[in-house]
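What follows is a set of notes on a single structure, which appears directly below.
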Amino acid sequence: QVRLVESGGGLVQAGGSLRLSCVVSGSTSSVFDMAWYRQVPGKQRELVSLITDVGRANYADSVKGRFTISRDNFQKRVDLEMNSLKPEDTGVYYCYAEIRRTWASARSDYWGQGTRVTVSS
């Protein structure tokens, strides 16, 4: 069974930093796009940052210059380094990956359980 296991959320003061990590467990043949999404109550889940399997990254305008996404294909891991955090960065952060399981022909979308980030002013 393929799972995405997240870690690294928590409470931090404005201006501080946090690092989120997400590891894919289970048998996979390929991991394609990996990403971090954010959700706050009453709003839709929004894309924060995405990185392709060849390392191309893009970011939401609100986090450009402050957040950095990276991945390790051997470890099947994606990290999100968050600096200069603002109260509006508060939310539940979800890891996403597009994966082809071993022996499967199709790709599927997988989500982590979410990790909470709270930035106090």
Minimum heavy-atom separation for [X] to [Y], with atom names?
| X | Y | answer |
| --- | --- | --- |
| P87 | A14 | CD-CB, 4.1 Å |
| E6 | G112 | OE2-CA, 3.3 Å |
| A35 | L47 | CB-CD1, 3.9 Å |
| T90 | V40 | O-CG1, 3.1 Å |

Just do the side chain to side chain donor-acceptor pair (under 3.5 Å) check on T28 and R100 with the steps written out, would you? CA-CA 6 Å; T28 65; R100 180 185 291 128; over 6 Å; no
How far does [atom1] of [X] sit from [atom2] of [Y], to the nearest 0.5 angstrom?
| X | Y | atom1 | atom2 | result |
| --- | --- | --- | --- | --- |
| E98 | S30 | CD | OG | 10.0 Å |
| T68 | R19 | OG1 | CZ | 9.0 Å |
| K76 | R71 | NZ | CZ | 11.5 Å |
| Q13 | S121 | CD | OG | 9.5 Å |
| S49 | K64 | OG | NZ | 10.5 Å |
| L50 | Y37 | CG | OH | 6.5 Å |

Restricting to side-chain hydrogen bond (donor to acceptor under 3.5 Å, both in side chains), what partner residues turn up for [X], sequence neighbours left out?
| X | result |
| --- | --- |
| T115 | none |
| R66 | D89 |
| D33 | none |
| R101 | Y110 |

Whether N73 side chain and D53 backbone form a donor-acceptor pair below 3.5 Å: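 Indeed, once roles are kept as given, a pair shorter than 3.5 Å links the two residues.
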When you compare the side chain of [Y] with that of [X], does any pair of heavy atoms fall below 4.5 Å?
| X | Y | answer |
| --- | --- | --- |
| V2 | V24 | yes |
| I69 | V78 | yes |
| R45 | V92 | no |
| R107 | I99 | no |

I'd like to know whether the aromatic ring centres of Y96 and W111 sit less than 6.0 Å apart in this structure.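 Yes, they do, as the ring centres are separated by less than 6.0 Å.
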Hey, could you give me each pair passing ring pair (Phe, Tyr, Trp, His ring centres under 6.0 Å) that has a residue in residues 49-90? Not counting sequence neighbours.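 Every pair satisfying ring pair (Phe, Tyr, Trp, His ring centres under 6.0 Å) with a residue in residues 49-90: there are none.
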When clusters are formed by joining ILVMFWY residues with side-chain heavy atoms under 4.5 Å apart, either directly or through shared neighbours, do Y94 and V23 land in the same one?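 Y94 does not cluster with V23.
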Do you reckon V63 sits in the same ILVMFWY cluster as L18, going by side-chain contacts under 4.5 Å, direct or chained?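 Yes.
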Output, in order, the C-alpha distance, side-chain angles, deciding distance and verdict of side-chain contact (heavy atoms from CB on, under 4.5 Å) for V12 and S120. CA-CA 6 Å; V12 65; S120 63; over 6 Å; no
Dump the intermediate steps for side chain to side chain donor-acceptor pair (under 3.5 Å) on Y93 and R38, then the final yes or no. CA-CA 4 Å; Y93 284 70; R38 175 170 69 200; 2.9 Å; yes
Here's a test for you: under side chain to side chain contact (heavy atoms under 4.5 Å, CB included), which of C95, S70, C22 qualifies with D79?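 The passing option is S70.
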Distance-only side-chain donor-acceptor flag, N58 / R56, under 3.5 Å: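 No.
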Can you sort out the partners of V5 under side-chain contact (heavy atoms from CB on, under 4.5 Å), two or more places apart, ordered by chain and number?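 So V5 forms a side-chain contact (heavy atoms from CB on, under 4.5 Å) with R3, S25.
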